[in-house]
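Below: the structure, in structure tokens.
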Protein chains: 2
Amino acid sequence: MGRGKIEIKRIENANNRVVTFSKRRNGLVKKAKEITVLCDAKVALIVFASNGKMTDYCCPSMDLGAMLDQYQKLSGKKLWDAKHENLSNEIDRIKKENDNLQLELRHLKGEDIQSPNLKNLMAVEHAIEHGLDKVRDHQMEYLMTKRRNENVGGGESATQFPAATTGDGYS
Amino acid sequence: MGRGKIEIKRIENANNRVVTFSKRRNGLVKKAKEITVLCDAKVALIVFASNGKMTDYCCPSMDLGAMLDQYQKLSGKKLWDAKHENLSNEIDRIKKENDNLQLELRHLKGEDIQSPNLKNLMAVEHAIEHGLDKVRDHQMEYLMTKRRNENVGGGESATQFPAATTGDGYS
DNA sequence: GCTACTATGTATAAGTT
DNA sequence: TAACTTATACATAGTAG
């Protein structure tokens with residue numbers, strides 16, 4: 001255009017290339033603004049010069065993030081959704097696990113037993129009893145260790161806790 | 001331009017606006033392609049018509065995702081990073097909650113009792129006993145309901161379960 | 001929506017300062 | 001280097017199909 005027709009291929013002269021870039025980039029932004037105003041259009045434009053410098057334009061009525069959300073919806077192409085999908089999936093997975101844990105916990109506490117039948121209730125009961133046994137084992141171990149240590153340290157009197165074999169004396 | 005100069009303001013005639021949009025959008029994309037080729041530039045362009053239809057162009061040498069990464073770096077503006085951060089935070093939060101639930105559950109099962117002292121052990125024991133009581137209450141209720149229903153339906157014989165007031169007969 | 005026409009306004013390539 | 005000039009090519013408004 002201008003003083004001579006040019007082919008649309010890379011401008012070899014570096015100086016001309018830079019000058020032309022500058023002019024055309026300004027022209028492009030101007031046109032983008034014009035179509036925005038004239039036609040109620042939404043436009044986003046990002047231009048990188050070969051030296052890395054960036055110019056951008058985004059219509060005032062929608063921010064770039066919203067434009068790109070829309071772009072993803074309409075084009076079906078993923079920009080950040082791919083990354084987000086992974087994270088979202090993990091959230092769902094963990095939440096589900098969380099729910100299951102909550103439910104199990106509530107059952108062990110005797111709460112929220114929605115569909116009681118004898119088999120389930122007895123299974124829960126056995127689970128709880130098993131836990132109770134184990135906790136009492138821990139108590140035993142603790143007490144015996146404590147008494148042993150006291151006997152080593154002083155030995156003058158028995159503790160107030162009776163000697164007991166693991167698993168009885170509490171139920 | 002063309003048959004008359006126009007002001008850069010919204011074209012009120014809807015038909016003209018649509019026609020002009022179409023022409024200018026094509027012109028914009030053409031210019032974007034030209035500057036890409038002529039000047040080694042990287043260009044991304046997204047245009048939404050007022051009817052929601054989208055047109056986009058991205059230079060062949062860099063995909064839109066890469067352009068936007070670069071945009072975020074150079075502009076300092078967040079596009080998806082913000083969302084990303086939110087999701088990551090939520091994952092952390094849920095995982096923590098999850099860990100707490102797991103621990104509580106293991107304690108109720110008598111497992112993973114790391115720092116046993118009598119006070120903690122007895123607290124756990126009481127929690128478990130409380131749960132056990134409640135489960136046994138459920139069992140009672142179930143059995144009594146069942147027997148009541150059987151008596152209404154036939155009434156010829158007692159069930160094999162003894163009548164019991166809530167809270168005894170099991171421990 | 002799109003193509004075609006065409007008069008006219010703009011953008012811009014190359015030259016100049 | 002960039003700003004200015006200007007001839008020319010291009011884009012496009014209005015219109016019709």
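Only this structure's heavy atoms are used, side chains among them; waters, hydrogens and symmetry mates stay out. Here is the naming used below: chain letters follow the sequence lines, and residue numbers restart at 1 for every chain.
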A:Asn13, A:Ile11, A:Asn15 screened by side chain to side chain contact (heavy atoms under 4.5 Å, CB included) with A:Thr20, the one that passes: A:Ile11
NZ/NE/NH1/NH2 to OD/OE distance under 4.0 Å, B:Glu150 and B:Arg148: no
Need one value for B:Asn51: base, sugar-phosphate or nothing, where a base atom within 4.0 Å counts as base even if backbone is also close, heavy atoms only. sugar-phosphate
Please list, pair by pair, any protein nitrogen or oxygen found under 3.5 Å from a nitrogen or oxygen in nucleotides 13-15 of chain D.
residue: D:dA13; atom: OP1; partner: B:Arg24; partner atom: NE; Å: 2.9
residue: D:dA13; atom: OP1; partner: B:Arg24; partner atom: NH2; Å: 2.9
residue: D:dA13; atom: OP2; partner: B:Thr20; partner atom: OG1; Å: 3.2
residue: D:dA13; atom: O4'; partner: B:Met1; partner atom: O; Å: 2.9
residue: D:dA13; atom: N7; partner: B:Lys23; partner atom: NZ; Å: 2.7
residue: D:dA13; atom: N3; partner: B:Arg3; partner atom: N; Å: 3.1
residue: D:dG14; atom: N7; partner: B:Lys23; partner atom: NZ; Å: 3.4
residue: D:dG14; atom: O6; partner: B:Lys23; partner atom: NZ; Å: 2.6
residue: D:dG14; atom: N2; partner: B:Arg3; partner atom: NH2; Å: 3.1

Tell me whether B:Arg17 contacts the main-chain N or O of A:Leu38 through its side chain, where contact means a donor paired with an acceptor under 3.5 Å. no
Per the end-axis method with five pairs at each terminus, what is the bend angle of the helix from C:dC2-D:dG17 to C:dT17-D:dA2, to 10°? 40°
Just checking B:Arg25: base, sugar-phosphate only, or nothing, at a heavy-atom cut-off of under 4.0 Å? sugar-phosphate
Going 5' to 3' along DNA chain C, between which two nucleotides do contacts with chain A fall, using a heavy-atom cut-off of 4.0 Å? C:dA11 to C:dA14
Please answer whether the main-chain N or O of A:Leu79 pairs with a side-chain N or O of A:Gln72 as donor and acceptor at a distance below 3.5 Å. yes
Quick one: A:Glu7 CD to D:dC10 P, roughly how many Å, whole number? 12 Å
For atom CD1 of A:Ile8 and atom P of D:dA9, their distance in whole Å: 14 Å
Over 60° means perpendicular and under 30° means parallel, so classify the ring planes of A:His84 and B:His84, tilted if in between. perpendicular
May I ask you to decide whether A:Glu85 forms a salt bridge with A:Lys78, counting only side-chain N to carboxylate O separations under 4.0 Å? yes
Closer than 4.0 angstrom, basic N to acidic O: yes or no for A:Arg136 and B:Glu129? yes
Salt bridge between B:Glu90 and A:Lys95, side-chain N to carboxylate O under 4.0 Å? yes
Give a yes or no on whether a salt bridge exists between A:Lys109 and B:Asp133, defined as a side-chain N under 4.0 angstrom from a carboxylate O. no
Cluster link A:Ile128 to B:Leu101, ILVMFWY, side chain under 4.5 Å: yes
